[in-house]
There are 2 protein chains.
Amino acid sequence: MTKPVVKVKQNLAQFKVGVDNVIFSVDTINNQLLILLVKREEEPFKEYWSLPGTLVKYQESLESAAYRILSEKITVNNLYLEQLYTFDHSSNPQFDRYLSVSYFALMRYEDATITKNIKSVAWINLDAIPTLAFDHNSILEYGYQRLRNKLEYSPIAFDVLPELFTLYDLYQLYTTVLGENFTDYSNFRSRLLKLGFLIDTGEKAHKGAGRPATLYRFDTKAFAPLKDKPLLFISHCSLI
Amino acid sequence: MTKPVVKVKQNLAQFKVGVDNVIFSVDTINNQLLILLVKREEEPFKEYWSLPGTLVKYQESLESAAYRILSEKITVNNLYLEQLYTFDHSSNPQFDRYLSVSYFALMRYEDATITKNIKSVAWINLDAIPTLAFDHNSILEYGYQRLRNKLEYSPIAFDVLPELFTLYDLYQLYTTVLGENFTDYSNFRSRLLKLGFLIDTGEKAHKGAGRPATLYRFDTKAFAPLKDKPLLFISHCSLI
DNA sequence: ACAAAAGTGTTGACCATACACCCATGC
DNA sequence: GCATGGGTGTATGGTCAACACTTTTGT
């Protein structure tokens, strides 16, 4: 960043800055991808659903604001959050200019609970998103694209899963976001294990009937050398 | 974006917004990747090199500001530009808060000329970047990562190349950015042609001795169905 | 004729896919 | 015993990297 220079102050725009979050949760049980939306109570776009957002306060960083939005609506243990894009809105020049910095977040549905006593906040299925306030539909679309890319190329799944998880948990996370037909479980399994950053803890998870599943742990150190390599989690060799 | 709501004005931060550009140019003749830097003439960081930046004026969008920086320093025909990241700087609370929105740009070195009469602006080899002002070294690093990713996964090369180009032009662009050993020319060639979005114009480029090269054109329509497919331009199937 | 630049072809090793099959547990 | 969920194995076709080879031009 270039710090403001004193002598050129006259033309400079003053900005208000808002943060809007695209918050995804993965419901692996019902195989749903959900978005957290809030119903607006004021004009403009009164009664429309919108992405949860806020204006940035003094003494609060952008990222803090993003986390504040989250914590005002839900409580969650494991999540992934990153900045998405900054949208510029050349609004009426008689008002302050307005910038919207969007963030996207991912978590498991089972792991997130909407704070009590908050009405007009809901998890809505990605396939059933209505027309949202402002340009939030396109922000959401942009966030969904980023989510898919991140899941394919980065180990964000392990920020979202608990410390110990089964390979089936992982697989379900992937299929819910990317669709059922990106690869079958058997190949997914051998691919991930071959990469060598999943540690067999020896512990087993018992889920009712059936053979108990091995619990794995993500090994950050073993993953480090692969950090800059592309295309780790899914295979996309076929060009068509 | 959520529009400012009137009743909660007291706590809100006011921002100045700056734009900083990471401007890459590819010198395919000398196989160099260059960055446009400017030498600061004021404190802080006087005499340090820095990324070209500016504060955003009234009536000017973020992207306009990014283009303004460019056009004040260089003239260029074909370029690719996109937003990179928004950096937050919780500076002294008695001053306005400051946000830096960074952009990255790519062009060919042959195609870009530094505007006359501008001193202390230079193309500097990526391998010889000094310590820059502020946190510009990390912004640059972030931009370089994005550049490599974009080149691998998106057709940005065709925004940078002229309308008609040879496959060797394209290959040199890739090797200069990604390094010599990502694939050899023969394989690069057959891969790209198999994808079917490069049109043989029939025209030939004569560069002194040697067989004349076929000039190709990028076919946007033929590319469209591949837009959302990952991993088009380089192969990364091998996991190690 | 020869060098230089462009373009083609071939091969072995490896990987992805699809699918069939085996294992461990609760009831 | 058997349904249920977890895990293993294998054959086939495709892809890629490496490298040798051919074609077309200028001098």
Side-chain angles (χ1 to χ4, degrees), chain A residues 28-31 152-153 161 164-175 178-196 198-217 226 229-240, chain B residues 28-29 31 152 161 164-175 178-196 198-217 226 229-240:
Chain A
T28 52
I29 291 156
N30 304 305
N31 242 266
E152 291 177 12
Y153 302 126
L161 290 171
L164 300 183
F165 52 88
T166 70
L167 280 178
Y168 215 84
D169 290 337
L170 187 61
Y171 181 65
Q172 283 188 311
L173 186 69
Y174 272 87
T175 49
L178 301 176
E180 194 82 37
N181 39 7
F182 77 96
T183 190
D184 82 356
Y185 174 61
S186 157
N187 296 315
F188 180 80
R189 190 187 162 71
S190 50
R191 182 185 184 83
L192 266 288
L193 288 177
K194 208 183 335 176
L195 291 170
L198 295 184
I199 311 261
D200 183 338
T201 62
E203 296 182 64
K204 301 288 175 185
H206 295 258
K207 291 187 191 172
R211 180 174 175 172
T214 306
L215 286 166
Y216 290 87
R217 172 185 282 114
L226 302 172
K229 311 273 177 181
L231 196 72
L232 277 169
F233 303 94
I234 315 292
S235 54
H236 284 298
C237 281
S238 59
L239 291 175
I240 298 165
Chain B
T28 51
I29 290 157
N31 242 265
E152 291 177 10
L161 290 171
L164 300 184
F165 53 87
T166 70
L167 281 177
Y168 214 83
D169 290 336
L170 186 62
Y171 180 65
Q172 283 188 311
L173 185 68
Y174 272 86
T175 49
L178 301 176
E180 194 83 38
N181 40 5
F182 77 96
T183 190
D184 81 354
Y185 174 61
S186 157
N187 296 315
F188 179 80
R189 190 189 161 71
S190 49
R191 182 184 186 82
L192 265 288
L193 288 178
K194 209 186 333 179
L195 292 171
L198 295 184
I199 310 262
D200 183 338
T201 61
E203 296 181 63
K204 301 288 175 184
H206 295 258
K207 292 186 190 172
R211 181 173 174 172
T214 306
L215 286 166
Y216 290 87
R217 171 184 283 115
L226 303 172
K229 311 272 177 181
L231 196 73
L232 277 169
F233 302 96
I234 317 292
S235 54
H236 284 296
C237 282
S238 58
L239 290 177
I240 299 164

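Chain letters run A, B, ... following the sequence lines, proteins first and then strands; every chain starts at 1. Because the structure is a prediction, the values reported are computed rather than measured. Values reported hereafter were calculated over all heavy atoms of this structure, with side chains retained and with hydrogens, waters and symmetry mates removed.
- One finds the CG atom of A:Leu161 at 10.5 Å from the CD atom of A:Gln172 (value rounded to the nearest 0.5 Å).
- Using a 4.0 Å cut-off, no side-chain N or O of B:Tyr168 falls inside it from OP1 or OP2 of C:dA5.
- Put simply, OG1 on A:Thr175 and CG on A:Asp184 are 11.5 Å apart, with the number rounded to the nearest 0.5 Å.
- Taking only side-chain atoms of B:Lys194, from C-beta outward, the nucleotide of C:dA18, C:dT17, D:dC16 with the closest atom is D:dC16.
- Side-chain contact between A:Lys204 and A:Thr214 is present, with heavy atoms from C-beta onward closer than 4.5 Å.
- At the phosphate of D:dT15, neither OP1 nor OP2 sits under 4.0 Å from any side-chain N or O atom of B:Arg191.
- Taking 4.0 angstrom as the limit, B:Tyr185 places a side-chain polar atom (N or O) nearer than this to OP1 or OP2 of C:dG7.
- Phosphate proximity of C:dT8 to B:Arg189: present, with a side-chain N or O under 4.0 Å from OP1 or OP2.
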Show each protein N/O and nucleotides 25-27 of chain D N/O combination with a separation under 3.5 Å, one pair to a line.
unit_1, atom_1, unit_2, atom_2, d
D:dT25, O2, B:Gly210, N, 3.2

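- Nucleotide D:dT15 holds its P atom 18 Å from the CZ atom of B:Phe188, rounded to whole Å.
- The side chain of B:Thr214 places an N or O atom within less than 4.0 Å of a non-bridging phosphate oxygen (OP1 or OP2) of C:dG7.
- If you check distances only, the side chain of B:Ser186 does reach the base of C:dG9 with a donor-acceptor pair under 3.5 Å.
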